[in-house]
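Each ligand, and each atom within it, is numbered from 1 in the order the structure gives. Scope of the values below: all heavy atoms of this structure, side chains included, with no hydrogens, waters or symmetry mates. The residues of the chain are indexed from 1 along the displayed sequence.
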Amino acid sequence: MQSGSSALYNKTEPIPKMKKIILLASVLTWIISGCQTKLVDKIELIPAAENVEIFNGYFPLYKLQTISIPDEWEVLSRSFMVDMKKTTNLSLALCPESNFIIQKDNSLSPEAYTLTIEEETIRITAADLQGAAHGLTSLYQLILTAKSNKLPLLAITDKPTFKYRGLMLDCSRHFWTVKELKETIDHIAFFKLNTLHLHLTDNQGWRLAIDKYPSLTEAGTYYHDFPKLSGKFYTKEDLKEVVSYAQAKGVEIIPEIDLPGHATALLAALPELSCNGGTFETYPEERSWADRKRANENMICIGNPKVYEFAEDIVDALAEIFPSKYIHFGGDEVPTKIWEKCPKCKALFKREKMKNWGELQDYFTRKMSELIQSKGKTMIGWDEIDERHAATPNDLLTIWREDGIKQQKAAFERGIPMIMCPQHGCYYDWGYAGNSTRKVYEWNPLPTDVTPEQRALVIGGQGALWTERVTTQDRVEWMLFPRICALAEVLWSREDQRNWDDFYQRITHFYPVMKELDINYYEDDALNEKEFKPTEEKPAMVRNATIDTNIPENSPYHKEYAFDGKSNSFYWGGTTIDKGHYFTVILGEPLPVKEVKVITGDSKDYITKADLLISEDGENFEKIASFNDLGEAEAGFEAKPLKAVKIQITGPHTCWPIIKEIILK
Ligand code: ACM
Ligand code: ZN
């Protein structure tokens with residue numbers, strides 16, 4: 001077929017004047033648009049979006065001055081404006097006539113959004129507030145990853161794979177202020193996670209003030225020997241503030257009260273709810289094991305009717321604070337020994353014709369499930385609640401033990417919905433050797449042969465951060481990032497679109513963005529490594545060297561792993577260590593070095609009482625640093641030829657030490 005212009009204008013015929021002008025104008029337009037190219041070939045979002053089309057041209061950021069949003073979503077724009085001002089210094093004003101439009105489109109699915117950027121206009125559409133929040137987040141990521149003050153013209157359509165994408169944060173073992181919780185909400189929302197599950201009670205502290213029981217947060221957060229750690233809890237108003245802050249970011253808060261076990265702090269306040277009465281004392285994680293009184297009696301009495309009155313008061317208090325339809329009632333790690341000797345528990349056991357002491361827990365589970373349902377809500381419990389089939393399809397399980405496969409299979413068989421949070425893949429109190437970012441990315445909440453019915457039972461997944469050994473907000477962030485970004489992509493992006501190599505590129509490009517957002521991420525020098533599993537065969541060392549140590553090896557965690565150039569593999573000593581123990585790397589030839597760093601521990605088994613020494617001749621050593629509470633030591637100095645680097649233990653440790661890497665630069 002001939003092209004339009006040559007058909008209209010035969011070369012031999014003169015072109016009329018008006019037509020000449022039109023032709024000239026269209027040629028100019030063609031040249032202009034032809035000259036425009038795509039600003040980028042690829043955009044980088046985490047989690048990756050489902051469909052992205054990029055067009056020629058760009059939107060200059062100076063045109064982003066106002067925002068138009070439906071009234072009911074105005075909270076979203078306010079928090080977006082605060083974020084934009086903080087990181088980009090761009091101020092936005094609410095204005096109904098704006099070139100930046102957020103619109104409702106009821107045809108979209110829950111949490112789905114579209115984002116289109118044209119030369120003059122940016123438009124986000126969604127059916128619900130969460131979808132609009134995700135659209136804004138994608139735009140925010142594009143702005144923060146932009147290499148210039150321009151955004152590429154594009155059209156994104158995007159939606160989550162799983163509806164529940166969460167993080168569980170332990171607020172009992174260590175306490176996180178309202179300000180810190182808000183930071184965590186900002187950080188997880190930035191990667192489109194939509195749920196924060198707060199573990200509010202445990203042996204180490206009852207963190208939720210309840211008007212009717214003031215002693216819960218008096219005795220339940222009081223440690224006579226650790227006054228600085230005492231008295232930390234949330235008031236009702238604190239938590240309402242957290243809930244509404246989270247709502248403005250599209251994040252739901254789910255409270256957890258962990259019963260019937262993990263209850264020492266509760267019993268410190270209300271010992272009458274225990275089997276044996278007497279006095280209990282809550283303990284901080286910092287107290288030694290030997291000084292934790294009655295630690296093995298941390299369960300409430302299942303045979304005591306007062307327990308059920310108390311539970312109803314708690315559920316009422318939770319319902320007043322938290323709009324979520326879910327209440328997590330714990331249920332993990334419940335031994336039965338104390339119940340077996342309690343007259344009230346024994347009477348219930350007999351009356352209910354129980355055969356197995358675990359059925360006392362099941363009795364409690366059923367009571368809690370019915371109570372929570374009677375308040376119009378759904379109970380969630382750790383997977384032990386279904387060990388003997390006490391859960392029903394009206395409850396929800398958090399599957400956590402090991403890789404979760406066995407528990408998931410059992411839940412499939414019984415039609416019980418679940419959140420996947422297995423230790424392998426989702427526990428971020430584990431170190432990066434145990435759950436590497438790559439291992440998280442390659443984890444799948446679903447088995448390969450899942451049926452549609454089973455698929456529907458897996459509502460999503462969540463990371464878990466237990467905080468026994470996490471004491472600062474910086475460390476919370478360090479444990480979570482970047483691996484929770486990998487989890488966010490597993491839960492949001494389509495499985496067939498997930499690609500580790502591509503994610504690996506993107507996450508390294510997000511490091512500066514995380515810095516901008518004040519996220520204290522872990523810059524993993526072994527980011528590309530999978531889970532560390534030691535082999536019988538010794539690894540090659542990063543340099544020609546020998547290792548001299550008087551700490552025995554916990555085979556096969558060979559001592560060479562401490563100097564193999566990878567911080568995700570480690571040497572593990574086979575005994576506790578004390579003053580006099582040492583671990584020395586002796587180099588084959590002296591090597592010019594200006595910095596030494598040693599990383600020990602993998603969330604536990606840190607070396608904390610030790611000196612770091614260097615030697616130029618292998619005999620005379622000079623101390624250059626001491627190890628800190630996070631098990632690290634480092635020092636920089638004028639470059640010199642080193643022959644040896646020594647870790648000299650200076651005090652007693654109760655752990656078997658892990659040495660991840662001795663790094664020489
Ligand atoms: C758990 O890790 N005990 C749920
Ligand atoms: Zn009892």
Could you tally the protein N/O/S atoms lying less than 2.8 Å away from the Zn ion (ligand 2)? 4
Could you pull out all residues at least two apart from N628 that satisfy side-chain contact (heavy atoms from CB on, under 4.5 Å)? L630, E632
Between F503 and W500, what is the ring plane arrangement, given parallel below 30°, perpendicular above 60°, and tilted in between? tilted
Using 0.5 Å steps for rounding, measure from the CD1 atom of I188 to the CG atom of L196. 5.0 Å
What do you reckon, does W382 have a nitrogen or oxygen under 3.5 Å from a nitrogen or oxygen of ligand 1? no
Atoms of ligand 1 close to W466 [distance to a heavy atom under 4.0 angstrom, numbered from 1]: 1 (C), 2 (O), 4 (C)
Give the residue, atom name and distance (to 0.1 Å) of the protein heavy atom nearest atom 3 (N) of ligand 1. D332 OD2, 2.6 Å
N/O to N/O below 3.5 Å, does that happen between H262 and ligand 1? no
Does any N or O of ligand 1 fall below 3.5 Å from an N or O anywhere on Y427, backbone included? yes
At under 4.0 Å between heavy atoms, is it the side chain or the backbone of E333 that contacts ligand 1, or both, or neither? side chain
Y427 vs W400 aromatic rings, parallel, tilted or perpendicular, using cut-offs 30° and 60°? parallel
Report the relative orientation of the aromatic rings in Y326 and Y164; use parallel for angles under 30°, tilted for 30 to 60°, perpendicular for over 60°. perpendicular
Looking at T221 and S230, would you say the former's side chain and the latter's main chain have a donor-acceptor pair under 3.5 Å? no
Give me the ring orientation class for W430 and H424: parallel if the planes are under 30° apart, tilted from 30 to 60°, perpendicular past 60°. perpendicular
How are the rings of W176 and H174 set relative to one another: parallel (under 30°), tilted (30 to 60°) or perpendicular (over 60°)? tilted
Could you check whether the rings of W478 and Y522 sit parallel, tilted or perpendicular, using 30° and 60° as the cut-offs? tilted
